[in-house]
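Only heavy atoms go into these numbers, but all of them, side chains included; no hydrogens, no water, no symmetry mates. Below, chain A is the first sequence line, B the second, and so on; all start at residue 1. The model shown is predicted, which means the values in this text are computed figures rather than measured ones.
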Number of protein chains: 2
Amino acid sequence: MATQSPTPVKPLGKQRILEAAIAYADEHGVDALTMRRIAGKLGCGVMSLYNHVSNKEDMLVGMVDIVAGEIELPSVNGDWKGALRASAANAHEVLLMHQWAPAQWSLRMPGPARIRYMDSILQVLTEAGLDARLVYSGYHAVTMHIIGFTLQEIGYLQVLDADFDELANKFLKDLSGDFPYMVDHVRAHMDDNCDSDEFGFVLDLILDGLERVSVTS
Amino acid sequence: MATQSPTPVKPLGKQRILEAAIAYADEHGVDALTMRRIAGKLGCGVMSLYNHVSNKEDMLVGMVDIVAGEIELPSVNGDWKGALRASAANAHEVLLMHQWAPAQWSLRMPGPARIRYMDSILQVLTEAGLDARLVYSGYHAVTMHIIGFTLQEIGYLQVLDADFDELANKFLKDLSGDFPYMVDHVRAHMDDNCDSDEFGFVLDLILDGLERVSVTS
DNA sequence: ACCTGAACACCGTTCAAGT
DNA sequence: ACCTGAACACCGTTCAAGT
């Protein structure tokens, strides 16, 4: 009963466009993401989008930054390893819900939310008492793990449900050259019932390493 | 004087197509890579490519596998950490020469060369005496580092020479919210004269961590 | 200020036709 | 077996015109 506008169902706007684009990419993948299709979802003409977004690149930057904003920042007081571990685990969850994001993350300009996120990680490392060199390296190690590990995991998931039969056949064929370690590894993957927390295990390797190097220096 | 064929300058073939595609992507980036442009470089019609490559996806898989084949495999005897460190450093170099590759690596089916590479890393970890769980995690940690770290580095390089001015301005603007740690980090990047071997430092964090966990278990 | 259809210069790929 | 032009169903984006 409140507002009954004639044509514009809702006022367009950058936020609404980015949300629609994220929802579409979550469901159909980033390759299927098209200006025309977003417009279709929003019930507007294609060119209307360009009133709020300068181009597709700009839109992708905005999308990544919204995802970055969904990640819980590490708490800055107390146990620095625990704080980073918790925040990284949350980032891992968020990125798995937006499987198109990790591949975009590194290759595009950081928006404000991602800069804030980067800053908070650096702050935690600094206040942990690590020296400048170790903060520098530690930041790279931690962010690389979050993005790189998740990207690898997503690649594995996508290859799996894309063509599992083809993969199995390819293996039996290439197995003629015999890659026994590879076969074992794939078998281990199939036995791994998602309860092993590989992500956290490797992250602890890095965090404990940072702490150890810091103490001994 | 030897062979003077009339029209076909050289016999087309999958290998020659992939090499042309790699050269083009190295120079202009993967976004600019087009079936039509590869055909142009090779002096043939677009559709001729499809006699040797089933589609663009297949071509990208082949391109990545050639890059994988350029990486020196870790030597299987002797010091396992040294072998992995040397191979990883070489992979890092190779990937920096094909900056489009890391983003493709994780998201596409592995070809034979990449499977061989994966197998050799697993072999080294196994023969190092690590238990199954640690081989499994160690493989993920090492490959994640190679791809993830390099991808991050490439992203930084590309953002830099894409629009350095815009980045500087953006910083001065977003600095109104003040991200002091971030500013320090960027300054450290600018002072880092490529002689610090961040790649190796973080890799050692992982390798030493693996060794330590293995010994204490 | 915001919206939009028509048009432009591109894509990857199918198809039918050539040798 | 290998090559290829024409055609199809798409892209992102410019431009001029609407409100």
TODO: Let me know the distance between CG of A:Leu60 and P of D:dG12, rounded to the nearest Å.
DONE: 10 Å
Open item on the list: I need the minimum non-hydrogen distance between B:Ala91 and B:Ile146, along with the two atoms involved.
Closed with: CB-CG2, 3.8 Å
TODO: Report which part of the nucleic acid B:Ser48 touches: base, sugar-phosphate, or nothing (heavy-atom distance under 4.0 Å, all strands).
DONE: base
Sub-3.5 Å pairs of nitrogen or oxygen atoms, protein against nucleotides 13-19 of chain D:
unit_1	atom_1	unit_2	atom_2	d
D:dT13	OP2	A:Tyr50	OH	2.7
D:dT13	OP2	A:Lys56	N	3.0

Open item on the list: Any non-hydrogen side-chain atom of A:Asn51 less than 4.5 Å from a side-chain atom of A:Leu12?
Closed with: no
Open item on the list: Tell me every residue that passes side chain to side chain contact (heavy atoms under 4.5 Å, CB included) with B:Arg133, counting only those two or more places apart in sequence or in another chain.
Closed with: A:Glu198, A:Phe201, B:Asp131, B:Ser137
Open item on the list: Expressed as a whole number of angstroms, how long is the span from A:Leu49:CG to D:dG12:C1'?
Closed with: 11 Å
TODO: Nearest whole angstrom, please: distance from the P of C:dC11 to the CG of B:Asp31.
DONE: 12 Å
Open item on the list: Let's test your reading of the pairing rules: Watson-Crick or G-U wobble, both distances under 3.5 Å, then write DNA chain D as a dot-bracket string with ( ), [ ], | and dots.
Closed with: ||.|||||...|||||.||
- [ ] Using atom NZ of B:Lys14 as one end and atom P of D:dC2 as the other, report the distance to the nearest whole Å.
- [x] 13 Å
Open item on the list: Tell me whether the side-chain N/O atoms of A:His52 come closer than 4.0 Å to OP1 or OP2 in C:dA1.
Closed with: no
Open item on the list: Please give me the minimum heavy-atom distance between A:Ile71 and A:Ser87, naming the atom from each residue.
Closed with: CG2-O, 4.2 Å
Open item on the list: Over 60° means perpendicular and under 30° means parallel, so tell me whether B:Tyr136 and B:His140 are parallel, tilted or perpendicular.
Closed with: perpendicular
Task: Contact residues, residues 17-29 of chain B to DNA chain C [heavy atom, < 4.0 Å] - done: none
Open item on the list: Do A:Lys14 and A:Asp58 make a side-chain contact, defined as non-hydrogen atoms from C-beta onward lying under 4.5 Å apart?
Closed with: yes
Task: Nucleotide C:dG12, atom C1' - distance to CE of B:Met59 in whole Å - done: 11 Å
Task: Sub-4.5 Å side-chain heavy-atom contact between A:His92 and A:Leu96 - done: yes
TODO: Answer whether the closest heavy-atom distance between the side chains of B:Tyr181 and A:Ile121 falls below 4.5 Å.
DONE: no
- [ ] Classify the angle between the aromatic ring planes of A:His185 and A:His189 as parallel (below 30°), tilted (30 to 60°) or perpendicular (above 60°).
- [x] perpendicular
Can you list, pair by pair, the side-chain donor-acceptor contacts under 3.5 Å of residues 102-112 of chain B, counting residues two or more places apart and other chains?
unit_1	atom_1	unit_2	atom_2	d
B:Gln104	OE1	B:Arg108	NE	2.7
B:Gln104	OE1	B:Arg108	NH2	2.8
B:Arg108	NH1	B:Glu57	OE1	2.3
B:Arg108	NH1	B:Glu57	OE2	3.4

TODO: Sorted by first residue and then second, give each side chain to side chain donor-acceptor pair (under 3.5 Å) pair with at least one member in residues 21-30 of chain B; sequence neighbours left out.
DONE: B:Tyr24-B:Arg37, B:Asp26-B:His98, B:Asp26-B:Trp100
